[in-house]
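Just so it is clear, the model here is predicted, and its values are computed rather than measured.
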Amino acid sequence: PLTTLAIADGTTLQLNVNGGASVPSVVASTVTTSGGSQTITLRIGSLSGATAGNTYPLISYTGTDPYTSLNLAALPAGYAGTLVDNSGVVALHVTTAPPPAQPPHITYVTVSGTTLTLNATNGAVGGRVVLLGTTNLTQALSQWTPILTNNFDSNGNLNLSTNVINPAVPQQFFILVQ
């Protein structure tokens, strides 16, 4: 913890919020503000793992309450919230958060002769993906056979065609794993 956090009027203080942490970003025995109107802009640089309806501690203090001197800047895209003054802690209450990212998923599959064609979306840009195959759906995934490795493109999409279909085999199963 800091002994004293002194913030001058007109200053911008940037903090990041870790939604998985329950401790304040700044812990100070004393917070002092100085200047004319004593307006300090509090900017939140990132809200990693923060969800709507939750309150995240930002500044823990003893002594003079800095809450009335703080002005919350616009939050990162998709978020909305307000500052709250909990005894000894200035916190951010998140009222709106963007929906969680959709996991990668297959959007199109077709078989033509021995060619399997499939498309997928929502992958990590440049992220590696492996096509696994088996003839036994009850087999543990760790025992499926790797067929090919590819990467999601710069938009998180995957388009692949490969000759893996064996017409003599009555059942074949495929899955994409990252």
Side-chain angles (χ1 to χ4, degrees), residues 1-2 4-28 30-62 64-109 117-132 141 149-160 174-178:
L2 300 171
T4 301
L5 173 63
I7 308 171
D9 184 37
T11 299
T12 297
L13 176 63
Q14 180 166 319
L15 300 174
N16 295 320
V17 172
N18 176 351
S22 60
V23 296
S25 298
V26 176
V27 177
T30 305
V31 176
T32 62
T33 57
S34 63
S37 63
Q38 295 187 354
T39 300
I40 293 112
T41 301
L42 185 58
R43 176 174 291 127
I44 305 300
S46 68
L47 287 144
S48 173
T51 56
N54 288 311
T55 301
Y56 302 95
L58 300 174
I59 302 171
S60 174
Y61 63 90
T62 56
T64 305
D65 185 350
Y67 176 77
T68 58
S69 300
L70 298 173
N71 176 38
L72 184 62
L75 295 175
Y79 288 95
T82 59
L83 286 179
V84 293
D85 190 13
N86 294 338
S87 181
V89 176
V90 174
L92 173 69
H93 180 73
V94 177
T95 55
T96 304
Q102 294 293 317
H105 60 275
I106 296 172
T107 57
Y108 175 81
V109 177
T117 301
L118 62 86
N119 298 338
T121 190
N122 288 340
V125 171
R128 186 179 141 213
V129 64
V130 178
L131 178 68
L132 301 177
L141 195 58
T149 301
N150 207 319
N151 294 82
F152 285 97
D153 66 17
S154 61
N155 295 312
N157 297 316
L158 175 72
N159 303 305
L160 62 85
F174 302 94
I175 190 170
L176 290 174
V177 295
Q178 287 187 296

> How would you list all residue pairs meeting side-chain hydrogen bond (donor to acceptor under 3.5 Å, both in side chains) that involve residues 81-94, not counting sequence neighbours?
Replying inline: Thr55-His93, Tyr61-Asp85
> Say you draw a straight line from OG1 of Thr39 to CG of Asn71; how long is it, rounded to the nearest 0.5 Å?
Replying inline: 6.5 Å
> Which residue pairs satisfy the side-chain hydrogen bond (donor to acceptor under 3.5 Å, both in side chains) criterion with at least one member in residues 150-159, sequence neighbours excluded?
Replying inline: Thr121-Asn157
> Can you name the closest pair of heavy atoms from Pro104 and Gln178 and give their distance?
Replying inline: CG-OE1, 3.2 Å
> Which pair of non-hydrogen atoms, one from Pro76 and one from Gly45, has the smallest distance, and what is that distance?
Replying inline: CG-O, 3.9 Å
Atom pairs and distances, side-chain donor-acceptor, residues 13-26, under 3.5 Å, sequence neighbours left out:
residue	atom	partner	partner atom	Å
Asn16	OD1	Ser46	N	3.2
Asn16	OD1	Ser46	OG	3.4
Asn18	OD1	Gly20	N	2.8
Ser25	OG	Asn16	O	3.2

> Can you tell if the side chain of Ile40 reaches within under 4.5 Å of the side chain of Pro66, non-hydrogen atoms only?
Replying inline: no
>> According to side-chain contact (heavy atoms from CB on, under 4.5 Å), who are the partners of Ile175, at least two apart in sequence or on a separate chain?
In response: Leu132, Leu141, Trp144, Val177
> Under a 4.5 Å cut-off applied to non-hydrogen side-chain atoms, are Leu118 and Leu176 in contact?
Replying inline: yes
>> Donor-acceptor pair, distance only, cut-off 3.5 Å: does the side chain of Tyr56 make one with the backbone of Ala50?
In response: no
> Residues in side-chain contact (heavy atoms from CB on, under 4.5 Å) with Thr117, at least two apart?
Replying inline: Tyr108, Thr110, Thr115, Ser161
>> I need the minimum non-hydrogen distance between Ala120 and Phe152, along with the two atoms involved.
In response: CB-CE2, 4.1 Å
> For Ala52, which residues count as a side-chain contact (heavy atoms from CB on, under 4.5 Å) partner, sequence neighbours excluded?
Replying inline: Ala97
> Can you tell if the side chain of Val94 reaches within under 4.5 Å of the side chain of Leu92, non-hydrogen atoms only?
Replying inline: yes
> Do Leu75 and Thr96 come close enough that some side-chain heavy atom pair is under 4.5 Å?
Replying inline: no
> Does the side chain of Tyr67 reach to within under 4.5 Å of the side chain of Val89, using non-hydrogen atoms?
Replying inline: no
> When rounded to the nearest 0.5 angstrom, what distance separates CD1 in Ile44 from CG in Leu83?
Replying inline: 7.0 Å
